Amino acid sequence: MSDKNTPDIIYTKVDEAPELASASLLPIVRKFAQAAGISVGTKDISLAGRILATFPEALTEEQRQSDDLAWLGDYVKTPQANVIKLPNISASVPQLVAAVRELQGQGYALPDYPEEPKTDEGKAVRAKYDSIKGSAVNPVLREGNSDRRAAAAVKKFAQNNPHRMGEWTADSKTRVASMSEGDFFSNEVSATLPKAATAKIVLEGADGETVLKDGVSYPEGTVVDATYMSADKLDAFLAEEIKKTKDEGVLFSLHMKATMMKVSDPIIFGHAVKEWLKPVFEKYGDKMKSLGVDPASGMGDLLERVKGEPEILAAIEEVRDQRPPMYMVNSDKGITNLHVPSDVIIDASMPALIRAGGKGWGPDNKEHDCVCVIPDSSYAPVYDATIEYFKANGKLNPATAGTVQNIGLMAQKAEEYGSHPTTFEIPNDGTVKMVLDDGTVLHSHDVKKGDIWRSASARKAPIEDWVNLAIDRQKATGYRAIFWLDETRAHDAELISYVKPILEAKGVADKFEIMAPREATIASLETITKGENTIAITGNVLRDYLTDLFPILELATSAKMLSIVKLMQGGGLFETGAGGSAPKHVQQLVEENHLRWDSLGEFCALGESFKFFADQTDNAKARVLGETVETATQGILDNDRSPSRKVGEPDNRASHYWFARYWAEALAAQGDDTELAAEFAPIAKALAEGEAKIVAELAEVQGKPADIGGYYHADPKKLAAVMRPSETLNAIIG
Ligand SMILES: NC(=O)C1=CN([C@@H]2O[C@H](COP(=O)(O)OP(=O)(O)OC[C@H]3O[C@@H](n4cnc5c(N)ncnc54)[C@H](OP(=O)(O)O)[C@@H]3O)[C@@H](O)[C@H]2O)C=CC1
Ligand SMILES: O=C(O)CCC(=O)C(=O)O
Ligand SMILES: [Mg+2]
C-alpha cells in the first residue's frame with residue numbers, strides 16, 4: 001500500500017501504441033515534474049505485466065514481478081491517489097494466448113493457456129488466466145464516476161479545423177439490426193434492496209439444484225437486475241439477418257464488446273461464428289471439437305485448427321459463396337469481422353462506420369453499406385437513431401456542431417460492466433433463481449440450456465454521487481442536461497426512483513430532462529446540430545459508447561477527450577482520452593518506424609493531474625506546471641503539431657518535442673514562480689536552438705522497419721532506442 005515512498009503521481013505502464021508513446025513522453029514529464037519536486041512513478045498494468053505477476057511460481061527470482069494492479073486497486077481508495085491511466089489491452093482469448101507464447105519465447109516458463117482443462121491443476125491455471133482476461137483493469141481502478149468532455153480549446157480547434165466526414169444519403173442501405181424479443185432488454189427485471197443482503201444464484205432443473213454462485217453481497221439500496229438472452233432466439237435472429245443482408249446486397253457486420261463484457265459477448269460472438277458456418281458445424285462439428293475449435297475464439301483460431309483438414313476447408317469455402325460479403329478488419333490480409341472477438345469493438349467500430357457515412361470495408365477492398373448486427377436491443381437504438389438522423393438530415397458539420405459531454409455512472413463496477421462474476425451460460429433447462437439470505441426469491445427466470453443469464457447491480461453511494469456530479473456539471477455549464485434513462489426498462493425505472501428525489505431535494509428538477517436512449521439521441525443530435533451543447537447523464541455502457549460516438553463525430557477521435565474520474569474517497573484518476581490502445585498503430589511503427597498515436601489525451605490528463613496535486617498539497621509549483629501544460633497543449637493545436645498519419649511526416653515523437661518546447665517556453669515566460677522560470681529559460685532556449693537538428697534526427701529514422709523486441713513485452717532498451725532517436729533532444733531532456 002502507499003507509504004512515504006509512493007510517488008506523487010502514478011503513470012501507468014500499458015500496452016501497444018500508448019506504451020510506445022510513453023517511452024518518449026515519460027522522460028520529458030519526469031524532467032519537468034522534478035523541477036517542482038514532484039516524483040512520477042510507474043505501475044505496470046500491461047497484459048504481459050499482469051500475466052507475469054500472476055504466476056510467480058513459474059518464474060525465477062529475477063523474472064518475478066509485483067502485482068501492481070492489486071496495489072493500485074487499494075491505492076485508488078486513498079484520498080491522496082493521483083493516477084494517470086492510459087488505455088490498456090482488455091484481452092480476448094487469442095490475445096492472451098499470443099501474449100503467453102511471446103513471454104514463453106522470451107524465457108518465461110509460464111504454463112500454456114489450458115483450452116479445456118481436465119485436471120484440478122489445469123482448472124486452477126485456467127482460473128488464473130481467466131482473471132487476467134477481458135476488461136480486468138479499468139473496473140478495478142474506477143472507484144469513481146466518469147466525467148468525459150472535450151476541453152474548450154480542443155473543441156474550438158475542431159470547429160476551426162473541421163475534419164473530413166463521409167457523406168450520408170437518404171438512400172443508404174446501412175441499418176442496425178437487433179433482436180425484438182428474447183434479449184437482455186426484453187427479459188430484464190430489477191429491484192432495489194431495502195436492506196443489505198447476501199444472495200445465492202441457483203439453477204433448479206430436472207436433476208435438482210445447482211449453485212451457480214454463492215455469497216454475492218450487496219449493501220442496502222443496491223439496484224439488482226437479472227436478465228437472460230435466449231440462445232434459440234439469438235440463433236434465429238442471426239440466421240434471419242444473415243439471409244436478409246444477402247438479399248439487401250450489403251455487408252454483414254457484428255458489433256460487440258467482447259472485451260469489457262468478457263463472459264456474455266464472446267459467447268454471443270461464438271453463436272454468430274456458428275450460425276455463419278452452420279452447414280460446416282452440422283457436418284464436421286464433432287471433428288472440429290476434437291481439434292479444439294471454440295467458436296467464441298473466432299474464425300481466425302478455427303481456420304488455424306482445421307488447416308490440415310482439406311474437406312473442412314472446402315466446406316468453409318462453399319459456405320462463403322452462400323453468405324453475404326463480410327465487413328473486414330483488414331481486407332488485404334483477409335481478416336474478417338468474425339476472425340477475432342476483440343478486433344471489432346462496438347464503441348470504436350460503430351462511430352467509425354457512422355463517421356464514414358455508414359460505410360465499412362468489404363472483401364473486395366471497397367467501401368459498402370452495412371447491416372450492423374447488435375443483438376441486444378438495450379443500447380442499439382442509440383446507433384439506429386443516429387443513422388436514421390443522418391439519413392434524414394445529412395452528415396454532421398463539425399465546424400458548427402455543439403458538443404455532447406458525458407457524466408457516467410461507473411464507480412464500483414456499476415451495471416453491466418460489473419456483471420462478469422454473475423453471468424452464466426446455462427448448463428441445463430430449468431429455473432434460475434436469485435435467493436437472498438432471508439429466503440426471499442428476488443428474481444427468477446425460466447431458462448433453457450445455452451441461454452445466457454446475468455445479474456448486474458449498481459450501488460446506492462455511486463448512484464447518488466453520479467447524480468450530484470451531474471448537478472455540479474449542469475450548474476457549471478448551464479447546458480441542456482438529459483438523463484438517458486428509459487422509464488419502461490426495469491433497471492432504469494429503479495434509477496429514476498433515485499434521480500428524481502435528489503433533483504427535487506436540491507431544487508434543480510427543472511434543469512434536467514429524462515429520456516429513453518432513442519429519444520435522448522435524437523434530442524442530443526438536434527441540440528448539437530443547432531450549435532448548442534448538452535450533457536448526457538448515462539449509465540456505464542452508454543458512458544463508454546457515447547464518449548467515443550460524439551467525440552469521433554465532433555473531433556474525429558476520442559483520443560483528445562478529457563476524462564476525469566473523481567474518486568469517491570477523494571483521489572483523482574485521470575484517464576488519457578476515451579479510446580483504446582490502437583493496435584494498428586504498432587503495426588505501422590514496426591513496419592515503417594512511424595507512430596501516428598496522438599498523445600493529446602495524455603497532455604490533457606497531465607494538466608489535470610498537476611492541478612489536482614496542487615489542490616491537494618498546496619504545492620504552487622504544481623499549479624504552474626499544470627497551467628503551463630495547458631498552454632503547451634494549446635500550442636500543439638494552434639501550430640498544428642499533432643502527429644501525421646503518414647510515414648515521412650512528423651509523428652508522435654516530433655509532437656513530444658514540440659510539447660516539451662512549448663511547455664518550457666511557457667514556464668520560462670510565466671511570472672508566478674521565478675525559480676521555475678529561471679530553470680526552464682535555458683531549456684527553452686536549447687530546445688529552440690536545436691529545432692532543425694532535432695526535427696531532422698526524428699525524421700531520419702522513418703521509412704524502415706523498427707525492432708522493439710516484442711509486441712506484448714517489448715525490450716525496454718530497444719523501445720527507448722526507437723522512441724528516443726534524437727541525441728540532441730535526449731541531451732537536453734537527460
Ligand atoms: N481505457 C482503456 O483501457 C481502453 C482500452 N481499450 C482497449 O484498446 C484496444 C483497442 O480497442 P479499439 O476498440 O480498437 O479502439 P482504439 O480506440 O484503440 O482504436 C480505434 C481507432 O481509433 C484511433 N485512435 C484511438 N486512439 C488514438 C490516438 N491516441 N491517436 C490517434 N488515433 C487514435 C485509431 O484510428 P486510426 O487507426 O485510423 O489511426 C484507432 O485505430 C483493445 O484491447 C481494447 O480493449 C479500448 C478502449 C478503452
Ligand atoms: O476496459 C475496457 O475494456 C474498455 C474501456 C472503454 O472502452 C472505455 O472506458 O471507454
Ligand atoms: Mg470506450
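Nothing fancy with the numbering, it's 1 onward along the sequence. Every number for a ligand or one of its atoms is a count from 1 in the order of the listing. Not measured: the values here are computed from a predicted model. Every heavy atom of this structure was used, including side-chain atoms; hydrogens, water molecules and symmetry mates were not.
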Inset, instruction - Please tell me if the side chains of Ile482 and Thr534 come closer than 4.5 Å, counting only heavy atoms from C-beta onward. - result: yes

Legend entry - Close side-chain approach of Phe610 and Ile9, heavy atoms under 4.5 Å: yes

Between [Y] and [X], do the side chains contain a donor N or O and an acceptor N or O under 3.5 Å apart?
X: Arg142; Y: Asn540; value: no
X: His339; Y: Thr336; value: yes
X: Asp44; Y: Gln65; value: yes
X: Gln588; Y: Arg596; value: yes
X: Tyr113; Y: Asp130; value: yes
X: Arg661; Y: Tyr657; value: yes
X: Asp598; Y: Ser655; value: no

Contact check, [X] vs ligand 2, heavy-atom distance below 4.0 Å:
X: Thr547; answer: no
X: Lys85; answer: no
X: Glu575; answer: no

If we set the cut-off at 4.0 Å for heavy atoms, which region of [X] has an atom near ligand 2: side chain, backbone, both, or neither?
X: Arg148; result: side chain
X: Asp347; result: side chain
X: Lys257; result: side chain
X: Arg142; result: side chain

With atoms numbered from 1 as shown, which atoms in ligand 2 lie under 4.0 angstrom from a non-hydrogen atom of [X]?
X: Arg543; value: 8 (C), 9 (O), 10 (O)
X: Ala578; value: 10 (O)
X: Ser135; value: 1 (O), 2 (C), 3 (O)
X: Ser90; value: 1 (O), 2 (C), 3 (O)

Legend entry - Heteroatom test (N, O or S) for Asp347 near the Mg ion (ligand 3), limit 2.8 Å: yes

Inset, instruction - Name the closest protein heavy atom to atom 4 (C) of ligand 2, giving the residue it belongs to and the distance to 0.1 Å. - result: Met260 SD, 3.6 Å

Inset, instruction - Identify, for atom 6 (C) of ligand 2, the protein heavy atom at the shortest distance, and state residue, atom and that distance. - result: Asp544 OD1, 3.3 Å

Legend entry - Salt-bridge criterion met for Asp147 and Lys566 (N-O under 4.0 Å): no

Inset, instruction - Answer yes or no: is there an ion pair linking Lys13 with Asp68, defined by an N-O contact shorter than 4.0 Å? - result: no

Inset, instruction - Look at the aromatic rings of Phe659 and Phe603 and report parallel, tilted or perpendicular, splitting at 30° and 60°. - result: parallel

Legend entry - Residues in the immediate environment of ligand 1 (any heavy atom closer than 4.0 angstrom): Lys85, Pro87, Asn88, Ile89, Ser90, Asn138, Arg142, Thr259, Ile345, Ala348, Ala559, Gly579, Gly580, Ser581, Ala582, Pro583, Lys584, His585, Arg596, Trp597, Asp598, Arg645

Legend entry - Aromatic Trp71 / basic Lys43 pairing, under 6.0 angstrom, 45° off normal: yes

Legend entry - Atom of Asp544 closest to the Mg ion (ligand 3), considering N, O or S atoms: OD1

